[in-house]
Amino acid sequence: MALVLTEEQSMLRDSARGLISDKAPVSHLRHLRDSKDPTGFSKELWHSFAEMGFAGLLVPEEFGGSGLGFMEAGIVMEEIGRTLMPSPFLATSVVAASALNRGGNAAQKSEYLPKIASGSLLATLAIDEGAKHRPLQTSLQAVRAGNGFKLSGAKALVVDGHVADLFIVAARTAGSAGERDGLTLFLVNPKAKGVAVERTIMVDAHNAARIELSNVEVNADSVLGEVDQGAALLDGVLDIGRGAVAAEMVGLSDEVFGRTVEYLKNRKQFGKLIGEFQALQHRAAELYVDIEITRAATMKALQALDADVAKAASAVAVAKARAGTTATRAVQEGVQMHGGMGMTDQFDIGFFMKRARVCEELFGDANYHTEQLARARGY
Amino acid sequence: MSDTESAELETFRNETRAWLEANCPPEMRKPATSDADVFWGGRNAKFSSEPQRIWFERMRDKGWTVPDWPKEYGGGGLSAAEHKVLRAEMARIGARPPLSSFGIWMLGPALLKYGNDAQKKEHLPKIAAGEIRWCQGYSEPNAGSDLASLQTRAESDGDDFIITGQKIWTSYANYADWIFCLVRTDPTAKKHDGISFILFDMTSKGVSTKPILLISGYSPFCETFFDGVRVPKSHVVGQINRGWDVAKYLLQHERAMISGMGERGVGRPLGQIAADSVGTDAQGKLDDAMLRGKIASFDVDEAALAACAERAVDLAKSGQAHPAFSSAMKYYGTELNKRRYEILMSAGGVDALEWESERSKQGARPRAWLRTKANSIEGGTSEVMLGIVAKRILDLPGA
């Protein structure tokens, strides 16, 4: 498979870019932030996303979706990254849809997937508990109670948590924190008794929440996948999320870089365009190379996911690690090269820096994924 | 790709896999560990082993020393997709390139684009068959990064040029049969406009070479002197005084070649090599947390660069590549290879310091480490590469 977009993929990119740049430029995020919008994203735009087939992009056609692959999901994520558009696409259409499609039984799939494809159901994965992404450290308890389970514990950085209609909660049904065995995924209704949701306003003005479960009762049908054997399902779903976030970071980095190079070509000091200074030229060139390499690594990871999710872990670790360091560099250089203007809220560059920081933590930062690669290679 | 095309490609893959299994000797399925393991061809070529000879001859007979060159010039005539399959299948079993050659990596692509029919027919088949070994006459003592200021002059004398001057850093000039060389044919023109690209035999009267001892203790480079060397004008590739176009095109290929140096993704992982000397803790982790982190970061970057190299080829084949992209790859690939050897030296500790002993294979590691320092100088320094990216890709002002 060539690491270039096919004609169909280019068309998908163009239509995503057309919609997103037209309806959701950075000013859209700025408006949602400044107006303290209670939803945190535009429902109208999400409706358009569904109409264009993006909401159900990964949902199989038999459940009303487009049945496309992770490469295509990455293309949409990259365009989202360019304008920082707040959208349920990541949490609902990529992560939750994949969890349901890969782990769900027939009843679960036919109940939820068509609603995701039509844009009428928002869902999200609740995974992180501590300050850092450590899936195996999950300690939210699920104890058997009658025909079902009772869930107790807390989750953080639940994307779209305060607007979701469905939580997919990683819980421990056996063993202790740190062990692979004993993890189970549960479908939890946010309105169920014992669920408390606190919207957390984040640095990047995107949606996130902390949720707390106190003896929340779920029945046996709420188990997604197999009891105690959720780790493998979770690995795959998280890798899909990581690939998607890496693609968002590539879009974000590329956009920041483009804006910065434009600034270098227009800003004058000492009677010259600052882009004439070799000190800045070389830094810009290094950043360009970094972004191109990260873009290729991310395409490679998305292709690997399309080929076989279970075998994509190393390619995904490389992509997410690279995306983290590259985006961090891109936004730092972006602010620095914009000088004082880069420090102002009025200029958009700061929005990119803030979003990059959140993307870096989402599903594991560069250190985490570099460590994973070292372990996979046995040293 | 249509179903028929992908079915044909699958057939090609199966046939190729079977052929390689049957024809690649086991000894040729591991990385080269010394210079003798690399076959360069040429009039005086000697094989260092029987498997090396067998492997070379079988690949040559299939045209697979240059798989994507046209068959009429001794190539394999493979399509881009087939060539990619062959590379993947060779990588799968760790097969070495059967022939290393500046003729293949540098001159060949330039001749295919700029050479006339007679030149292509004369030189390409001999490159493909490993009969003639080439060297590159580019740099001069006063023309390094500023290559276009070169002074070696070629004066017109009837149907010939008389060439006088000096080249430096000519790789393996002392082993080469022919040279592709930049010479000044019009000293009055602007510096880029008076240069020609010319080919001649290194046994011509007036050519001499002198190896340069490097910090590695080896002499892969030479000074090369031309004292009134007579060369027919028909040996100029492209137009007289338009050699800079050929030179630049060739440099793109040279940079792609250098960026691919180093043993990317073959052999044992760097972390395991390091474990041999540094040791591991109770969990099997390298017993030096800082070094382990450096290696892991290196592994991330190396895997990402490999993806980018693959993508660069795919972009080129679909006509979407920026012509200066090889400069970006050259910059990153060479800096990464230097990082690799800094890690190997650090991992090897005292053992990596031995310069002369059987145990150290005559100081193979420290000598290779020192050799890598040239990677970011030869073929255009890292700073020149970044300047090219800034000017030609980013279109920054005044660069």
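Reminder, nothing fancy here: chain letters follow the sequence lines and each chain counts from 1. Note that the structure is a prediction, hence the values are computed from the model and not measured.
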* With only heavy atoms counted, which part of A:R295 is less than 4.5 Å from chain B, the side chain, the backbone, both or neither? -> side chain
* Evaluation steps, side chain to side chain contact (heavy atoms under 4.5 Å, CB included), between A:E292 and B:M329 -> CA-CA 10 Å; A:E292 286 309 307; B:M329 295 295 292; over 6 Å; no
* Asked: Please walk me through it: do B:V278 and A:Y379 pass side chain to side chain contact (heavy atoms under 4.5 Å, CB included)?
  -> CA-CA 11 Å; B:V278 176; A:Y379 58 85; over 6 Å; no
* If you round to the nearest 0.5 Å, how far is CG of B:L394 from OG1 of A:T260? -> 11.0 Å
* Structure fact -> Given A:M299, A:E371, A:K272, A:Q278, the one with more heavy-atom pairs under 4.5 angstrom with chain B than any other is A:E371
* Asked: Is the number of heavy atoms from other residues, nucleotides or ligands within 6.0 Å of NZ (B:K294) greater than 12?
  -> no
* To do: Verify the neighbour count for atom CE of A:M1: are there more than 12 heavy atoms of other residues, nucleotides or ligands below 6.0 Å?
  => no
* Given the options B:E335, B:R292, B:Q272, B:E310, which has more heavy-atom pairs under 4.5 Å with chain A than any of the others? -> B:R292
* To do: Determine the minimum heavy-atom distance between B:P397 and A:K265, stating which atoms define it.
  => CD-CG, 4.1 Å
* With a 4.5 angstrom heavy-atom cut-off, which part of A:F277 approaches chain B: side chain, backbone, both or neither? -> neither
* Could you tell me which portion of B:Q283 (side chain, backbone, both or neither) has an atom closer than 4.5 angstrom to a non-hydrogen atom of chain A? => neither
* Can any side-chain N or O of B:D314 pair as donor or acceptor with the backbone N or O of A:A2 at less than 3.5 Å? -> no
* **Contact origin within B:K84 toward chain A - heavy atom pairs under 4.5 Å** => side chain
* Structure fact -> Here the gap from B:L386 atom CG to A:E286 atom CD, rounded to the nearest 0.5 Å, amounts to 5.5 Å
* State whether the number of non-hydrogen atoms from other residues, nucleotides or ligands found under 6.0 Å of B:D281 atom CG is greater than 12. => yes
* Structure fact -> Scored by heavy-atom pairs under 4.5 Å with chain A, the best of B:D395, B:V313, B:T280 is B:D395
* Structure fact -> Assert top hit (heavy-atom pairs under 4.5 Å, partner chain A, pool B:D301, B:V389, B:D299) equals B:D299
* **Contact origin within B:A328 toward chain A - heavy atom pairs under 4.5 Å** => both
* A:Y288 OH to B:Y332 OH distance, which is reported to the nearest 0.5 Å -> 14.5 Å
* chain B contacts, top residue of A:V318, A:I293, A:N367, A:T370 (heavy-atom pairs, under 4.5 Å) -> A:I293
* **B:I295 versus chain A, the contacting section by heavy-atom distance below 4.5 Å** => both
* Asked: A:L373 versus chain B, heavy atoms under 4.5 Å apart: side chain, backbone, both or neither?
  -> side chain
* Asked: Of all heavy-atom pairs between A:Q281 and B:A390, which one has the smallest distance, and what is that distance?
  -> CB-CB, 3.9 Å
* Asked: Which pair of non-hydrogen atoms, one from A:R322 and one from B:V300, has the smallest distance, and what is that distance?
  -> CG-CG1, 3.6 Å
* Closest non-hydrogen atom pair between A:L3 and B:R311, with its separation -> O-NE, 3.0 Å
